[in-house]
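Note that the structure is predicted; figures quoted are calculated from it, not measured. First the proteins, then the strands, lettered A, B, ... as listed; each starts at 1.
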Amino acid sequence: MNHGAAAADADEILLDGIQQAAFGYFRQMVNPANGLVADTTRDHWPCSIAVVGFALSAYPGAVERGWLSRDEAVELCLAALRFFRDSDQRGTPDSTGYKGFYYHFLDMQSGRRTWRSELSMIDTALLIAGALTARMYFDGETLQEAELREIADELYRRIDWRWAQHDRETIMQGWKPESGFLHYGWEGYSESILLYVLALGSPTHAPARRIYEAWSATYQWENLYGVDFLYAGPLFIHQFSHAWIDFRGIRDRFMREKRSDYFENSRRAVVVQREYAWRNPLGFAGYDEDCWGLTAGDGPTNDMPGISGSGRRLLGYAARGVPFGPDDGTLAGWAALASLPFAPDVVLSTVRAMRRRYSQMHTDHGYASGFNPGLVDADGRCWVSPGHYGLDQGIVTLMIENHRSELIWRLMRKCPYVVDGLRRAGFTGGWLRSQP
Amino acid sequence: LNRAATVQLGSGAPLVRDSAERERIDNVRPANWRNPAPAPHYDLVIVGAGTAGLVAAQAAASRGAKIALVERHLLGGTCLNTGCVPSKALLRTSRLYAEMRHADRYGACIPGDVRVDFPAVMRRVRGVRARISRADSVRQLTAAGIALFFGQARFTRADALEVEGATLHFGKALIATGARPDTPAIPGLAQAGYLTNENAFDLTRPPRRLLVIGGGPLGCEMAQAFCRLGVQTTIVQKRPLFLPREERDAAQILSDSFARDGIEVRLNTRVLNVHVDGGAKLVDLVSDDYHSTVVVDAILTGTGRLPNTTGLDLEAAGVDADPQHGVQVDDFLRTRNRRIYAAGDVCLDHKFNDTAQASALIVVENALFGGRRRLSELTIPWCTYTDPEIAHVGLYARQARERNIPVKTFTIPLHDVDRAIADDEEVGFVKISVRERTDRILGATIVARHAGEMISEMTLAIVAGVGLRMVARVIHAYPTQAEAIRKAADAYVRTRALSYGQRRSTAWLRWLRR
C-alpha cells in the first residue's frame, strides 16, 4: 500500500471511530418511548429539541454504516415524530409547543416544557431539519416509513413562521407564555440561515421573501487577519446550517456580490480561528495553529472547586468567539472537527494534534463540550467539561458523515422545501440548477 | 439699567462651597450680576448659554454682530456644569484606581492600600470644572462685546422676547436651550429619590451600592466610573446589548469590560418599580418572565435626554416644538419663523457637544451672513468615554447595506498593534468600512483606550474625501495605537493589489527578469 492510501485509511479509521462514538450518544440518551433525547449526559437533564433534530438526522448515516438497523431507526424516528405531532400545542406554561414551534427544553418523560424555557424558533428549525432529513431518507414502501414521511410533513407544514415575525421584518428568537415574544431578533450572520430557508420553503406559512433580505442586511463582510469573510465570532455559526444544506457553489445575493459562497466562507472561518489561536492575544495555554476551536460550549466557572483562585473571569457555558471574545482559555475539540468538510487536511491535522496533547477531552463516548488547557489540577490534568452534550455529538456525527459520504447533503438537496426555501431566499447556481 | 436682575440660583445650585465652586459660580453666574440695559435692537439674540449658545455668541460677535445672550441658569450649560467636563474628570480618576488595582499587569507593584478617597476625587472634579469655566465666563463674554442677560426668556412676538422685564428686539434669534435628563416613568422612583448627571457630581460621599438605569453612553460611563471608585454597581439595560446603536462587537467588548470591572450587568431587563425600606432602595426587575429585586443605596438614571422647550412661549413667536423632539427645524436649522433658528440638544437627535458646536456655527452663517449650510452635510463623530472608549463616524455597515451600498469592512484588532501591546491596551479594534471595490470610506468604528482621539483621523478623511489608499500613504508615527488605522488602510491596499495591482506588478517583475 502506498503512503497516500495508508494515510487515507488512517484518516478513515480515525473518523469512523469518532463518528461512531459521537453517534453512541443518541443511542445512550434517547427515550425510546417518545424519541426525545437528553441535552447532556448529566443527571436529570431535560430533552433539547435541537438534539432531537440532530438525532433524527444522524439515524440515516447510522443505518448506512450498520450501527443501527433500519427498523430500529424507523421506530426511533416514529416515536419522536408521533410525540411531537400529538403534543400539547396550546402554548400554556407546561405545554410542549405552540403554533408549530416547541419549547427549547422538554421533560424527558412527559415531553412538557421544563426550566420555563422559551418557545425557540432556531431550535424548532433544527428539530424540523432532522424530521425532514428522516423524511427524505426513509423512502420505503412500508406503512411505518410512509407514516414517518407523512408526520414529518405535517410537523413542517404546521409551523406558523409568519406568526414568529411578530411585528418585525425578521423572525423573533423566542416566545414565552408568561411574557410574550422575547424582545430581540436575529442580527448578523448566524446559524439561523437554516431557519430562514425552512421558513421561506413553507407551502403553508411562508413569510414574504423580503424577510431574508432584511436579515442579511445585518451581515458584516470583513477583512480580518487578511481574510475576507462574512464575520461571525463563534465557530458553530459557520457549521450548523451546513450540517443539512450543501452550500457549495450556491449563492444568495450577498454571496454573489462578494463572489464567494457560504461553504468557502466557513473554510475562511477556519483560517481566522487558526490565526487567532496562533496570535493568542490573551496568552492562554495550549493555543496555536493546531489547537483551536472557540465556539458555544461548556466551560469552567469561578465557583468551581479549586478554580476560583485562577484570577481570570471564567464563563461557564457561553458562546466564545474570535477575535473579540469572549475568550477564557476554553476550547472545544469537537468544534475544530466539525469544520472537517471545509478544510479536511487542516482539520485532520488539528484533530490529531489536539487529541494527542489533550487526550482526556475525547473519550470512547465522544468529545467533551470544552476543555481548558490553562486550568490544571494537582496531577497536571487540564479542566475538561464533565459528560457530553448532544449538540456537540450531533454536529460531529453529521459533519463527518457529510465529509465521508455527503449523505445528509444529498438527502436535503432533494428536499423540495429546502430547494424552494433556498430559491425564495435568492440562492442560484451550483446544484440548485439541476433541481426541478 | 432697565431693571436690576439679581442672580437667583435655581435648582442644581452647588452643594459644596469650596474655592473651586466659588470660582466656577463667579465665572458662570456671579452673585452680584446685574443685567445690562437692552439695546434697541440686536442682530442675534441667543437663548441659552450652553455649548451651542456660547459658540454662536462668540463666533457672531467676532464677526461684528451685535449679540445678546440669555441664560436662565449657568453659563456653560450641561457640558461644563453637569456633563462632559465633570464626568470626564471623574472617569480619569476612576481609571487610575483601576490601573492601581491591576498594576501587576504593567510589571509594577500593586499599592498596599488602594483606598478610594471620594472627597478628594470630587474635589478634583470641581477643580477641573472651575478651571474650564474660565473660558465660558462672564468676563470672557462681556469682553467680547456680548450683552449677557440672566433670567428666563419668553418670546412675546415674532421678533422680540422678554427677559426679567426687559424686551430684546432681534433681527434673528437662536434657541439653544439644551436638554435635561429624561427620567423614566418608574413607579416609586421619584419618591425614593435618584441621581442624574445634574446632581451626581454634587455627591460628597459615595453610595455603597448603586443601580444605574440605562445602558446608553451616560449610564455606561457612570456605571464604570462609580464601580472603579469602589461602589458596588449594578447596571440595568432593557436591550440585549449596551449602546444599541453601536457595532455588536463594540457593545460586546464593553459588556466584557464591565464584567471584568465587577459591575453586575443586567441586560434584557426592565425596572418595574422602586420602594424604600429602612433607608435602602429596593428595585424590582424583570427579564422576560424572571423577576428579581436588587437592594441599593442610590439609583442613577441615564435613560436619555429631553429638549428644554417649556417656558419659552414659542407659540408667540410661531415656532413649532414638541416635548419629545424639541424645536422643529429644517435642514438649515431654521424654525417655522424664518427669523428664528435652533441649534444643539434642543433640536438635534445627536445630543453631543461637538454637534452642538457645529450646528451653532451653521446657524451663525445662515442667519447672519446669508449662508446656505445644511445640517445634513455634517459628518458627526461620537464617542462613549468608557474604558475602552467607543468612537464612531459615518455609516455603520448595516446602514450602508440598508441603502444598498455594497460595503466591506477592514478590521484590525488592537492585539495586532505594537503600541497597544506595549501599553497592555489590546482590547479593541479599528473597523473601517468602504464602498466595496473602492477606497471610499463610508464609516469607521474604533474601540480603544483613546478611541475618541483616534476617530478624528477618520472624520477628517471622510470630510476631505480622502480614501483608504491615501491613508495608507500617510506616515503614522510609530509606535502609536493610531497605527491601527494605517494597518487597515494597508489591508485595503493588499486586497486591491491581489487583483489589478498584483497582475501589473507580476508583469513588471517578469519584464525585469528578462
Less than 4.5 Å to any heavy atom of chain A: does that hold for the side chain of B:Asn268, its backbone, both, or neither? both
Is B:Ala259 in contact with chain A via its backbone, its side chain, both, or neither, using a 4.5 Å heavy-atom distance? both
Counting heavy atoms not belonging to [X], are there more than 12 under 6.0 Å from its [atom1]?
| X | atom1 | answer |
| --- | --- | --- |
| A:Arg259 | CZ | no |
| B:Gln399 | CD | yes |
| B:Glu425 | CD | yes |
| B:Arg270 | CZ | no |

Pick from B:Lys487, B:Glu402, B:Glu436: which one has the most heavy-atom pairs with chain A under 4.5 Å? B:Glu436
Choice from B:Ala397, B:Ala491, B:Ser255, B:Pro413 maximising heavy atom contacts with chain A below 4.5 Å: B:Pro413
Taking only residues two or more places apart in sequence, or in another chain, which ones meet B:Glu247 in a salt bridge (Lys or Arg N to Asp or Glu O under 4.0 Å)? B:Lys431
Pairing residues for B:Asp288 by the salt bridge (Lys or Arg N to Asp or Glu O under 4.0 Å) criterion, not counting sequence neighbours: none
Given 3.5 Å as the limit, does a donor-acceptor pair link the side chain of B:Arg401 with the main chain of A:Gln220, or not? no
Just do the side chain to side chain contact (heavy atoms under 4.5 Å, CB included) check on A:Leu224 and B:Phe410 with the steps written out, would you? CA-CA 7 Å; A:Leu224 174 65; B:Phe410 291 88; over 6 Å; no
Report which part of A:Phe181 has an atom under 4.5 Å of a heavy atom belonging to chain B: side chain, backbone, both, or neither. neither
Worked check of side chain to side chain contact (heavy atoms under 4.5 Å, CB included) between A:Asn223 and B:Thr409: CA-CA 6 Å; A:Asn223 178 284; B:Thr409 303; over 6 Å; no
Give the interface residues of residues 267-291 of chain A toward chain B, defined by a heavy-atom separation under 4.5 Å. A:Tyr276, A:Arg279, A:Pro281
Would A:Tyr219 and B:Arg398 satisfy side chain to side chain contact (heavy atoms under 4.5 Å, CB included), going step by step from the backbone distance to the final call? CA-CA 7 Å; A:Tyr219 281 7; B:Arg398 66 171 179 275; over 6 Å; no
Enter the distance from [X]:[atom1] to [Y]:[atom2] here, rounded to the nearest 0.5 Å.
| X | Y | atom1 | atom2 | value |
| --- | --- | --- | --- | --- |
| B:His291 | A:Ser179 | NE2 | OG | 8.0 Å |
| A:Phe324 | B:Asp256 | CZ | CG | 12.0 Å |
| A:Lys258 | B:Arg437 | NZ | CZ | 7.0 Å |

Do you know which two heavy atoms are closest between [X] and [Y], and how far apart they sit?
| X | Y | result |
| --- | --- | --- |
| A:Arg116 | B:Asp289 | NH2-O, 2.9 Å |
| B:Arg248 | A:Gly188 | NH2-CA, 3.6 Å |
| B:Val407 | A:Glu257 | N-OE2, 4.4 Å |

Less than 3.5 Å apart, any donor N or O on the side chain of A:Tyr231 or B:Asp249 sitting next to an acceptor on the other? yes
Checking B:Thr411 against A:Glu222 for the side chain to side chain donor-acceptor pair (under 3.5 Å) test, could you report, in this order, the C-alpha distance in whole Å, the side-chain angles of both residues, the deciding distance, and whether it holds? CA-CA 6 Å; B:Thr411 300; A:Glu222 299 205 5; 2.4 Å; yes
Tell me, please, which residues at least two apart from A:Arg253 pass side chain to side chain contact (heavy atoms under 4.5 Å, CB included). A:Glu213, A:Arg256, B:Asn404
